[in-house]
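Read through the structure below, which is laid out as structure tokens, and then see the notes.
Residue numbers start at 1 and run along the sequence shown. The basis for the numbers below is simple: all heavy atoms, side chains too, and nothing from hydrogens, waters or symmetry mates. Worth saying up front: this structure is predicted, and the values here are computed from it rather than measured.
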Amino acid sequence: MFVQSNLTFTTAENNASATFSVSATDPDANSTHVFALVEGNGSTHNHFFSIDANGTLTTATVLDYEANATYALRAEAHDEFGEKVAGSF
């Protein structure tokens with residue numbers, strides 16, 4: 001259903017708020033997608049972020065490079081036909 005790829009986002013350390021866009025590709029023409037952060041392999045740092053249904057990923061706290069140089073997130077996208085995919089980035 002969706003084409004998955006590894007994602008990398010970069011933001012300045014100690015940035016109070018950073019926003020990124022997540023998207024999905026679907027072979028069903030004109031499909032709409034709903035996004036969520038989900039538990040599972042790679043969801044270690046989900047609690048540092050929030051994502052809205054449209055795929056806007058936002059930091060939920062100030063990120064500290066000395067505490068975590070990288071963050072592991074797991075998100076899921078599903079369409080109106082019930083097809084879904086989850087992946088870590």
Side-chain angles (χ1 to χ4, degrees):
M1 174 203 143
F2 296 113
V3 176
Q4 220 176 320
S5 62
N6 292 331
L7 301 173
T8 302
F9 301 103
T10 304
T11 187
E13 181 181 14
N14 298 321
N15 189 353
S17 179
T19 302
F20 313 97
S21 292
V22 177
S23 63
T25 302
D26 191 329
D28 297 323
N30 301 315
S31 288
T32 57
H33 307 107
V34 176
F35 296 87
L37 293 175
V38 294
E39 294 298 314
N41 254 357
S43 66
T44 306
H45 301 108
N46 278 10
H47 61 282
F48 288 108
F49 298 85
S50 64
I51 193 167
D52 69 15
N54 296 318
T56 302
L57 181 69
T58 306
T59 54
T61 187
V62 174
L63 303 179
D64 181 5
Y65 182 83
E66 284 77 28
N68 290 298
T70 61
Y71 294 82
L73 305 176
R74 183 172 183 82
E76 178 181 274
H78 73 282
D79 68 12
E80 66 271 27
F81 303 110
E83 296 289 328
K84 63 183 174 181
V85 66
S88 300
F89 54 95

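For Phe81, the CZ atom counts as densely surrounded, since its 6.0 Å shell holds more than 12 non-hydrogen atoms of other residues, nucleotides or ligands.
Residues Phe35 and Asp52 form no side-chain contact, since every pair of their non-hydrogen atoms from C-beta on lies 4.5 Å or further apart. Annotation: side chain of Leu63 is not in contact with side chain of Glu13 (no heavy-atom distance under 4.5 Å). No side-chain heavy atom of Thr56 sits less than 4.5 Å from a side-chain heavy atom of Phe20. In this structure, the side chains of Val62 and Asn15 stay at 4.5 Å or more apart for every pair of heavy atoms. Counting heavy atoms from C-beta outward, Asn68 and Phe48 have side chains that approach closer than 4.5 Å.
Although no hydrogens or angles enter the test, the distance criterion places no donor-acceptor pair under 3.5 Å between the side chain of Arg74 and the main chain of Gly40. Not a single donor-acceptor pair under 3.5 Å links the side chain of His78 to the backbone N or O of Glu83. Looking at Ser88, its side chain does come within 3.5 Å of a backbone N or O of Asn41 through a donor-acceptor pair. Under the 3.5 Å distance criterion, the side-chain polar atoms of Glu80 are left unmatched by any main-chain donor or acceptor of His33. Thr59 places a side-chain N or O within donor-acceptor distance of the main-chain N or O of Ala18, the cut-off being under 3.5 Å. In terms of modelled atom types and a separation under 3.5 Å, the side chain of Asp79 and the main chain of Gly82 share a donor-acceptor contact.
Between the OG1 atom in Thr19 and the CZ atom in Phe49 there is a gap of 11.0 Å [rounded to 0.5 Å]. Once rounded to the nearest 0.5 Å, the distance linking CG of Leu57 with OG of Ser50 reads 7.0 Å. Rounding to the nearest 0.5 angstrom, the gap separating the OH atom in Tyr65 from the OH atom in Tyr71 is 10.5 Å.
Shown are Leu73, Ile51, Val38; of these, the side chain to side chain contact (heavy atoms under 4.5 Å, CB included) with Asn46 is made only by Leu73.
Under the 4.5 Å side-chain heavy-atom criterion for Ile, Leu, Val, Met, Phe, Trp and Tyr, Val34 and Leu37 are members of distinct hydrophobic clusters.
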